[in-house]
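Contents: one structure, followed by commentary.
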Amino acid sequence: MQKRWSRAASTGYCLVAALFLAAHGGAQTPDTAPVVPPRTGKREKIRLFNGRDLAGWTGHAKYWTVQDGMILGKNTDPVPVSTYLLTERKFSDFRLVFDFMLAQSEMHSGIAMWGRVATEKGDPYTYAGHLVMFPSGYGFYDLYGRNLIHANAEPARKVGKQHDWNEIEILAQGNRIRFALNGTLISDWREPMPERIQEAPIGLQLHSNKAPQEVRFKRLELETFPEDRLLTVKSQN
């Protein structure tokens with residue numbers, strides 16, 4: 001969420017938006033959104049992060065570093081606009097499995113996808129498009145668009161770890177996003193406006209914040225045009 005407001009205001013907004021969605025049947029489900037089938041292409045397994053440096057990525061060097069086999073996003077001075085470490089390569093259908101820890105602050109991070117780099121918003125590495133948020137403010141967000149589009153905080157908080165490592169799987173196929181957290185399927189959602197989806201970089205988020213914060217990512221294993229199944233969820237119908 002790319003606005004210059006306080007953490008309390010941001011949290012309050014997300015709560016109001018989540019209640020609105022729940023009350024109005026808000027976030028579209030796979031039953032009410034159009035079904036776009038998975039795209040076809042070359043299936044390829046890619047280690048987005050080599051464990052040593054940021055080869056294949058682009059972003060602010062002052063925020064993003066590598067330490068002990070992890071990607072760290074960290075600020076001590078205020079971050080006026082949410083900024084992202086972006087893959088140089090673009091993706092549409094993919095499976096991304098990674099480990100994440102919120103090491104400092106209570107502000108969420110996330111994975112940006114299916115959008116575009118929005119340099120006109122005040123940062124050369126900010127993003128407009130879909131954002132899968134975790135932890136704290138879980139849910140799916142449309143950056144510089146429709147705002148909160150899918151609320152899932154209640155089930156996510158039951159299995160998520162606020163300041164410890166979480167295993168996360170995002171399976172994006174057609175207009176469908178599945179989000180699994182620590183072996184539990186949290187969300188199975190379809191984009192009701194598939195024309196908003198485009199092949200795009202994947203971004204790791206460091207949220208706008210006046211307070212110091214630190215986010216940590218590791219593993220970051222991606223598969224293009226993957227099989228239609230979740231790898232980290234044991235029980236699947």
Side-chain angles (χ1 to χ4, degrees), residues 1-2 33-61 63-64 66 71 73 81-100 109-134 140-146 149-150 168-180 187 189-207 215 217-231:
M1 290 172 284
Q2 310 281 341
V35 175
V36 176
R39 298 166 186 82
T40 58
K42 181 181 179 182
R43 185 167 296 164
E44 182 181 2
K45 292 184 178 181
I46 304 167
R47 296 188 69 91
L48 292 179
F49 174 46
N50 62 22
R52 301 182 305 275
D53 56 39
L54 295 178
W57 297 85
T58 183
H60 287 295
Y63 296 137
W64 299 100
V66 173
I71 293 178
V81 178
S82 292
T83 191
Y84 297 79
L85 185 67
L86 301 163
T87 58
E88 294 178 349
R89 183 169 169 178
K90 296 181 179 181
F91 302 96
S92 60
D93 286 36
F94 63 87
R95 179 201 321 284
L96 180 61
V97 179
F98 61 98
D99 300 312
F100 172 84
S109 180
I111 294 290
M113 52 186 278
W114 284 355
R116 64 180 180 86
V117 181
T119 56
E120 76 279 5
K121 299 299 182 180
D123 185 283
Y125 303 107
T126 199
Y127 205 96
H130 294 73
L131 179 72
V132 177
M133 301 187 294
F134 48 82
F140 300 167
Y141 203 84
D142 183 6
L143 301 158
Y144 297 115
R146 297 160 293 170
I149 51 178
H150 173 65
I168 296 174
E169 180 177 2
I170 297 171
L171 182 57
Q173 296 177 296
N175 66 329
R176 186 182 185 187
I177 301 175
R178 277 169 279 183
F179 169 66
S187 292
W189 176 85
R190 286 189 186 273
E191 168 57 76
M193 302 175 67
E195 65 274 11
R196 300 181 76 96
I197 297 170
Q198 56 185 312
E199 185 180 63
I202 289 172
L204 315 183
Q205 187 191 47
L206 186 67
H207 201 290
V215 296
F217 294 84
K218 61 183 181 180
R219 198 163 25 143
L220 290 161
E221 298 172 348
L222 184 140
E223 184 176 12
T224 59
F225 307 102
E227 291 184 66
D228 187 10
R229 65 186 183 95
L230 292 162
L231 298 183

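Worth saying up front: this structure is predicted, and the values here are computed from it rather than measured.
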Could you tell me if the side chain of [Y] sits less than 4.5 Å from the side chain of [X], heavy atoms only?
{"X": "Phe179", "Y": "Ile168", "value": "yes"}
{"X": "Ile149", "Y": "Arg196", "value": "no"}
{"X": "Trp57", "Y": "Leu48", "value": "yes"}
{"X": "Leu171", "Y": "Pro226", "value": "yes"}
{"X": "Leu220", "Y": "Leu222", "value": "no"}
{"X": "Val97", "Y": "Arg219", "value": "yes"}

Testing the basics here: between [X] and [Y], what is the closest heavy-atom pair and its distance to 0.1 Å?
{"X": "Thr119", "Y": "Pro124", "value": "CG2-O, 3.6 Å"}
{"X": "Ser92", "Y": "Phe225", "value": "OG-CE2, 3.9 Å"}
{"X": "Tyr125", "Y": "Thr58", "value": "CE2-OG1, 3.4 Å"}
{"X": "Val66", "Y": "Gly51", "value": "CG1-O, 4.0 Å"}
{"X": "Gly115", "Y": "Ala200", "value": "O-CB, 3.0 Å"}
{"X": "Asn175", "Y": "Pro194", "value": "CB-CB, 4.2 Å"}

Quick one: pull up [atom1] in [X] and [atom2] in [Y] and give me the separation to the nearest 0.5 Å.
{"X": "Arg190", "Y": "Arg178", "atom1": "CZ", "atom2": "CZ", "answer": "8.0 Å"}
{"X": "Asp123", "Y": "Tyr63", "atom1": "CG", "atom2": "OH", "answer": "7.0 Å"}
{"X": "Glu191", "Y": "Trp114", "atom1": "CD", "atom2": "CH2", "answer": "7.5 Å"}
{"X": "Leu54", "Y": "Leu86", "atom1": "CG", "atom2": "CG", "answer": "11.5 Å"}
{"X": "Gln205", "Y": "Tyr127", "atom1": "CD", "atom2": "OH", "answer": "12.0 Å"}
{"X": "Leu143", "Y": "Ser82", "atom1": "CG", "atom2": "OG", "answer": "7.5 Å"}

Enumerate the residue pairs fulfilling salt bridge (Lys or Arg N to Asp or Glu O under 4.0 Å) with a member in residues 86-95, sequence neighbours excluded, ordered by first and then second residue.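 Counting only pairs at least two positions apart or across chains, the salt bridge (Lys or Arg N to Asp or Glu O under 4.0 Å) contacts touching residues 86-95 are Arg39-Asp93, Glu44-Arg89, Arg95-Glu169, Arg95-Glu223.
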Evaluation steps, side-chain contact (heavy atoms from CB on, under 4.5 Å), between Leu204 and Trp64: CA-CA 10 Å; Leu204 315 183; Trp64 299 100; 4.0 Å; yes
Run the side-chain contact (heavy atoms from CB on, under 4.5 Å) check on Ile111 and Phe217 step by step: do they pass? CA-CA 11 Å; Ile111 294 290; Phe217 294 84; 4.1 Å; yes
My understanding is that only one of Met133, Arg146, His150 makes a side chain to side chain contact (heavy atoms under 4.5 Å, CB included) with Tyr141; could you say which?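 Testing Tyr141 for a side chain to side chain contact (heavy atoms under 4.5 Å, CB included) against Met133, Arg146, His150 leaves exactly one candidate, Met133.
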Quick one, His60 with Leu206, criterion side-chain contact (heavy atoms from CB on, under 4.5 Å). Give me CA distance, side-chain angles, the key distance, then yes/no. CA-CA 10 Å; His60 287 295; Leu206 186 67; over 6 Å; no
Is there a side-chain contact (heavy atoms from CB on, under 4.5 Å) between Phe91 and Leu96 once you walk through the steps? CA-CA 11 Å; Phe91 302 96; Leu96 180 61; over 6 Å; no
Does Phe100 have its ring centroid less than 6.0 Å away from the ring centroid of Phe134?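 Here the rings of Phe134 and Phe100 have centres that are less than 6.0 Å from each other.
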